[in-house]
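Since this is a predicted model, take the numbers as computed values, not measurements. Computation of the quantities below employed the complete heavy-atom set of this structure, encompassing side-chain atoms and omitting hydrogens, waters and symmetry-equivalent molecules.
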Amino acid sequence: MKRAIVLSGGGARGAYQVGVWRALRKLNIKYDIVTGTSVGALNGALMVQKEYIKARSMWYNLNFSLLFSEPMDGDLKTFKGKVEIFKKYMSNIIFHGGMDVTQLENTMDRYLNRKKFYKSNIDYGLVTVNLSSFKPVLLQKKDISPHQLKDYLMASATCFPAFKVKTIDDDLFIDGAYYEKLPINQAIEMGATSIIAVDLNSFGMTHKIKEKDIPITYIVPRNKLDSFLLFDSNFTRRSIKLGYNDTMKTFKKLDGQKYTFKLNHTEKNFNKYHQSLKSNILKMTDFHGRNKNLTEEILNKNKISAIVNERIKTSQKIMLDIMEYLGEMFKLNDSLIYHVSIYNKSLIEVINSYENFNIELIEKKIKNKETIRLADKSYFIKYLYSKMEVMNDNPKVKKELCNLARFFERDVLAALYIYTIVHK
């Protein structure tokens, strides 16, 4: 049996693959083959060398100066700063045929260890495209001479037109993603019988997998990563964490989808709060016999019906979705591994911090049947929660909440979740 790690292209998002590697080490998952395209080829070479610490150090401290000699100024925390960086890219594309990556080549010299690479028992393959002949070039370790190793790694990672083309022996080469961004077939041809494929959701071509019987485990970012052209340590450190978290979740060692929880914590959280959430739904829809049709309509809505009728597996998924939706709306850190009680506490703290939110504005939007924009959703959920705090024996408030649940089921459930964990 031979296991292959297949790494896609993705520029700055390549930090995510180092997080995957960390998780593979934690899980003691060994591999016999690595294939990669673009940044996946660069990371793959370090995986063949078995130098995780070196790779992590590089990505953890990554900045533009490790890639380009030209200053790339711009505050990447702001939209304006990002625009300035993209203007630099466009200027170099138009006037110079792309960014000069000589500095990146110098950086690779510091991290490549040819002796370890060729002595390693792990096989290796990369993909690039010969622009001179318009043909793909798929190379294995045995095909690459030591003195050309860096050249072909750079050829695979030449993100044309953002980067200048790479010249090798009078031929021009560009990024391998123009032929195959995730070289699974290459790994199969090299003898892989099982595959872990890390797809960074970046640009590139893909081909139909030739062998359908080979088991493939895909690891794909569950959260949005930053642009593949923004090389910043703040972004790459987050990506490393997300790569680790997603891999551990893929192998059932952590819980969650976009957010990450300790193993079995989401099930414990469900067991703790499910009945209370159900009771609060029934309380909200109890009008003392009035508005029976509205009550039935709400209790028959997909998510609410699953919880009230105790369809356990579906209800568990719904509760997790609600928890993570709240995390997204209230901007909790999505790279942390949470103890679920700490996560719930954070939600309560955030919603309690909305002391002077504009109730009138929300009510005006509701009255005028305006769309509640994503930017307003956190205030809308706070508004719903504040109504729930006074809904006991108040049919008018309950009716208002149920009317809103007709159109905003997820938001009402989100507010009910917070109400439930506060009053449990």
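Side-chain atoms of D411 and L384, non-hydrogen and from C-beta on, do get closer than 4.5 Å to each other. Side-chain contact between F68 and V101 is present, with at least one heavy-atom pair separated by less than 4.5 Å. Side-chain contact check for L299 versus S305: every heavy-atom pair is 4.5 Å or farther apart. Looking at D255 and K262, their side chains never come closer than 4.5 Å, going by heavy atoms from C-beta outward.
Residues forming a side chain to side chain donor-acceptor pair (under 3.5 Å) with S227 (at least two apart in sequence, or on another chain): none. Scanning for side chain to side chain donor-acceptor pair (under 3.5 Å) contacts around N271 gives an empty result, with sequence neighbours left out. Annotation: side chain to side chain donor-acceptor pair (under 3.5 Å) contacts of R25 (sequence neighbours excluded): none. The side-chain contact (heavy atoms from CB on, under 4.5 Å) check on S38 picks up A157, D175, with sequence neighbours excluded. Every residue two or more places apart in sequence or in another chain that forms a side chain to side chain donor-acceptor pair (under 3.5 Å) with E105 is listed here: K166.
With N309 contributing its side chain and R311 its backbone, the two residues share no donor-acceptor pair below 3.5 Å. At distances below 3.5 Å, not a single donor-acceptor pair connects side-chain atoms of T158 with backbone N or O atoms of F163. Between the S120 side chain and the K116 main chain, no donor and acceptor come within less than 3.5 Å of each other. Under a 3.5 Å cut-off, the side chain of N185 and the backbone N or O of K208 do form a donor-acceptor pair. Looking only at distances, no side-chain donor or acceptor of T37 sits under 3.5 Å from a matching main-chain atom of G9. A donor-acceptor pair is defined here as one N or O able to donate and one able to accept, closer than 3.5 Å; such a pair exists between the side chain of S239 and the backbone of F235. Under the 3.5 Å distance criterion, the side-chain polar atoms of S57 are left unmatched by any main-chain donor or acceptor of I53. Not one N or O on the side chain of Y273 forms a donor-acceptor pair closer than 3.5 Å with the backbone of K268. With hydrogens and angles ignored, the 3.5 Å screen pairs a side-chain donor or acceptor of E324 with a backbone N or O of Y259.
Here the closest heavy-atom approach between residue S315 and residue A306 is recorded as OG-O, 2.9 Å.
Applying the 6.0 Å contact sphere to NZ of K301 captures more than 12 heavy atoms from other residues, nucleotides or ligands. Atom CD of E389 sits in a crowded spot, with more than 12 heavy atoms from other residues, nucleotides or ligands closer than 6.0 Å. The number of heavy-atom neighbours closer than 6.0 Å to NZ of K2, taken from other residues, nucleotides and ligands shown, is 12 or below. A 6.0 Å sphere centred on CG of N392 holds more than 12 heavy atoms belonging to other residues, nucleotides or ligands.
The existence of a salt bridge linking K377 and E328 is excluded, since no basic side-chain nitrogen approaches an acidic carboxylate oxygen closer than 4.0 Å. Salt bridge annotation for D334-R238: present, with a cationic side-chain nitrogen under 4.0 angstrom from a carboxylate oxygen. Taking a cutoff of 4.0 Å between a charged side-chain nitrogen and a carboxylate oxygen, K283 and D286 do not qualify as a salt bridge.
Cation-pi geometry between K141 and F117 is satisfied (NZ or CZ under 6.0 Å from the ring centre, within 45° of the ring normal). Cation-pi geometry between R22 and Y244 is satisfied (NZ or CZ under 6.0 Å from the ring centre, within 45° of the ring normal). A cation-pi arrangement is absent between R13 and Y16 under the rule of less than 6.0 angstrom and at most 45 degrees off the ring axis.
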Kindly indicate, with the supporting measurements, whether the criterion side chain to side chain donor-acceptor pair (under 3.5 Å) is fulfilled by N121 and K50.
CA-CA 10 Å; N121 61 346; K50 303 178 184 178; 3.1 Å; yes

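The ring of H423 has its center closer than 6.0 angstrom to the ring center of Y419. A centroid separation of less than 6.0 Å is found between the aromatic rings of H207 and Y179. You'll find the ring centres of Y417 and Y325 outside the 6.0 Å limit.
A side chain to side chain contact (heavy atoms under 4.5 Å, CB included) with S8 holds for exactly one of V198, V39, D199; it is D199.
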With a cut-off of 3.5 Å and sequence neighbours excluded, list every side-chain donor-acceptor pair involving residues 81-91.
| unit_1 | atom_1 | unit_2 | atom_2 | d |
| --- | --- | --- | --- | --- |
| K88 | NZ | P71 | O | 2.7 |
| Y89 | OH | L229 | O | 2.7 |

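When only modelled atom types and interatomic distance are considered, T420 and N280 share a side-chain donor-acceptor pair under 3.5 Å. There is a side-chain donor-acceptor pair under 3.5 Å between N43 and Q17.
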